[in-house]
There are 2 protein chains.
Amino acid sequence: MVARRRLEAMEQNRSKLIAAGRKAFAAEGFAAASMDELTASVSLTRGALYHNFGDKAGLLAAVVAQVDGEMAARAREASAAAADGWERLLAEGAAYIAMALDPEVRRIVLLDGPAFLGDPSRWPSQNACLDATKRTVAGLIADGVMKRVDIEAAARLLCGAALNAALWVAASDDPQSVLPKAVHAFRLMAEGFLLGDR
Amino acid sequence: MVARRRLEAMEQNRSKLIAAGRKAFAAEGFAAASMDELTASVSLTRGALYHNFGDKAGLLAAVVAQVDGEMAARAREASAAAADGWERLLAEGAAYIAMALDPEVRRIVLLDGPAFLGDPSRWPSQNACLDATKRTVAGLIADGVMKRVDIEAAARLLCGAALNAALWVAASDDPQSVLPKAVHAFRLMAEGFLLGDR
DNA sequence: CGGTTGACATACGAGACGTATGTTATCTTC
DNA sequence: GAAGATAACATACGTCTCGTATGTCAACCG
């Protein structure tokens, strides 16, 4: 407690800053968040921030990576509970829609992330949604379940549909009542990729 | 030329500011654009800006409304050229994907717009993409072409898929080669909403 | 044990936004 | 037709923010 190792203390400060970033960015948005207030809220100064993350966008990238990692974990849970490969794709989609109900996810990953960090597929954290969907789609095409379509195109469309539906659900007046509508429509649309008729 | 009517001059200044906003926001992004430089580029000062648009976000809203209006016009053109109702939906989707190749549309309407103005469906300009798609979907359901699904949900998913695919196309290294892949995948996915099998 | 390095704090400067105040041309009203 | 009122800007100011440059202190190392 008294004499911590240097790296250990540094890692602790990084965690505190990232945690403060999640709160501030989610509450006020990236642009409006003040780095002075943010760092002071964890008893540090901007010196620590610029030393660890380079600039304000660097902290955003670190926050996005953390949230994105948690999203990937939840997606894997939903995926594991599914029976076959096709149900796995649908489960992942429903999971992403549900995840976007979290204000942190919505504001940080879906709005400010693309606006201030550029295209999600070029993030260091590699956007969990896209990555998982691409793998699932690739498997379904190989198994002859899905029509032969460009993997990245299908993944982009599916993720885009899911995340956009999620933004709608979150912005609606009664999220809980429109969520099933979104999930149902997503399922129908995804079935457009199914081979045969069933 | 010499003694213009008051309202006419004011409308001209508004137009100049909006035009400057389109350039600056597209080139530097909303957050990085300086209102001093922007107003000076059309021989005005920030006084004119704050008098006409209230604040910086007000100018963004005006710019978004203008670009959004142009998008709606182009969507109507694409729609009018289509044979039946279903082809009209696909044509609109393809048109939106193509439109997002324009850096102005991408940066202003798809990235900064949602981030700084909130959910597109609550914009004063009412988001052309969403609105047109909703009308088309409603017609197709009434005609028994599409499955009975929540209209807003279907429109949101279709627009989300199209716009997200567009962001992918735009961010790719060779946009012209991936665009057909995106359009093809969009068509397949939309067919999930079709009644019957063909 | 003294020098060095790294992690962080502090001080500073450059802009940027929004507002409050001033200025001028146009419109109204008697 | 002239004076007051109003609208459309310009100007000046204060406050905030980010990024950097400099300072400082504890931890490490030979």
Side-chain angles (χ1 to χ4, degrees), chain A residues 1-21 23-64 108 112-113 115-118, chain B residues 1-21 23-64 108 112-113 115-118:
Chain A
M1 178 65 187
V2 51
R4 271 200 176 74
R5 298 270 160 260
R6 215 121 172 273
L7 286 176
E8 193 172 340
M10 186 179 177
E11 190 56 36
Q12 189 173 342
N13 282 346
R14 281 180 59 94
S15 298
K16 290 200 292 186
L17 289 173
I18 291 177
K23 286 184 188 171
F25 294 157
E28 314 169 35
F30 175 73
S34 163
M35 302 314 252
D36 273 323
E37 294 180 6
L38 190 152
T39 51
S41 73
V42 291
S43 302
L44 291 170
T45 68
R46 286 209 321 279
L49 206 171
Y50 286 93
H51 187 77
N52 280 287
F53 301 100
D55 60 353
K56 191 179 179 182
L59 176 61
L60 176 61
V63 170
V64 163
I108 299 174
D112 288 340
F116 291 96
L117 299 178
Chain B
M1 176 66 186
V2 49
R4 271 205 174 72
R5 299 268 158 264
R6 211 121 176 277
L7 286 176
E8 192 173 340
M10 185 180 177
E11 191 57 36
Q12 189 173 344
N13 281 347
R14 281 180 59 95
S15 297
K16 289 201 292 185
L17 288 173
I18 291 177
K23 286 183 188 173
F25 294 156
E28 313 168 36
F30 175 73
S34 163
M35 301 317 253
D36 274 321
E37 295 180 6
L38 189 153
T39 51
S41 73
V42 290
S43 301
L44 291 170
T45 69
R46 286 210 320 280
L49 207 171
Y50 285 93
H51 185 75
N52 281 286
F53 302 100
D55 60 353
K56 190 179 179 182
L59 176 61
L60 175 61
V63 170
V64 163
I108 298 174
D112 288 340
F116 291 96
L117 299 178

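First the proteins, then the strands, lettered A, B, ... as listed; each starts at 1. Here the structure is a predicted model, which means the values were calculated and not measured.
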Nearest 0.5 Å please: distance from the [atom1] atom of [X] over to the [atom2] atom of [Y].
X       : Y       : atom1 : atom2 : value
B/Ser41 : B/Leu17 : OG    : CG    : 8.5 Å
A/Leu49 : A/Leu44 : CG    : CG    : 9.0 Å
B/Asn52 : B/Thr39 : CG    : OG1   : 12.0 Å

Rounded interatomic separation in angstrom, taking [atom1] from [X] and [atom2] from [N]:
X       : N      : atom1 : atom2 : answer
B/Phe30 : C/dC17 : CZ    : C1'   : 11 Å
A/Leu59 : C/dC8  : CG    : P     : 14 Å
B/Arg14 : D/dA8  : CZ    : C1'   : 13 Å
B/His51 : D/dA7  : NE2   : P     : 8 Å
A/Glu28 : D/dC16 : CD    : C1'   : 13 Å
A/Asp36 : C/dC12 : CG    : P     : 15 Å
A/Met10 : D/dA26 : CE    : P     : 19 Å
B/Leu49 : C/dT19 : CG    : P     : 13 Å

Neighbour count above 12 (heavy atom, 6.0 Å) for A/Lys16 NZ: yes
Expected output: side-chain A/Lys56 to main-chain A/Ala33 donor-acceptor under 3.5 Å: yes
Under 4.0 angstrom between B/Asn52 side-chain N/O and D/dA8 OP1 or OP2: no
Side-chain N,O (B/Asn13) to OP1/OP2 (D/dA8) below 4.0 Å: no
Proximity to the side chain of A/Leu44 - top-ranked nucleotide from D/dC18, C/dC17, C/dC8: C/dC8
Residue A/Glu37, side-chain heavy atoms: nucleotide from D/dT17, C/dT10, C/dC17 that is nearest: D/dT17
Sugar-phosphate only, base, or nothing, as touched by A/Ala40 at under 4.0 Å among non-hydrogen atoms: nothing
Sugar-phosphate only, base, or nothing, as touched by B/Ser34 at under 4.0 Å among non-hydrogen atoms: sugar-phosphate
Pairs touching residues 23-51 of chain A that satisfy ring pair (Phe, Tyr, Trp, His ring centres under 6.0 Å), sequence neighbours left out: A/Phe25-A/Phe30, A/Phe30-A/Phe116
side-chain hydrogen bond (donor to acceptor under 3.5 Å, both in side chains) against A/Asp55, all qualifying residues, sequence neighbours excluded: none
Listed pairs, N/O of protein and of nucleotides 19-24 of chain D, under 3.5 Å:
residue	atom	partner	partner atom	Å
D/dG19	OP2	A/Tyr50	OH	2.5
D/dG19	OP2	A/Lys56	N	3.3
D/dG19	N7	A/Arg46	NH2	2.9
D/dG19	O6	A/Arg46	NH2	2.1

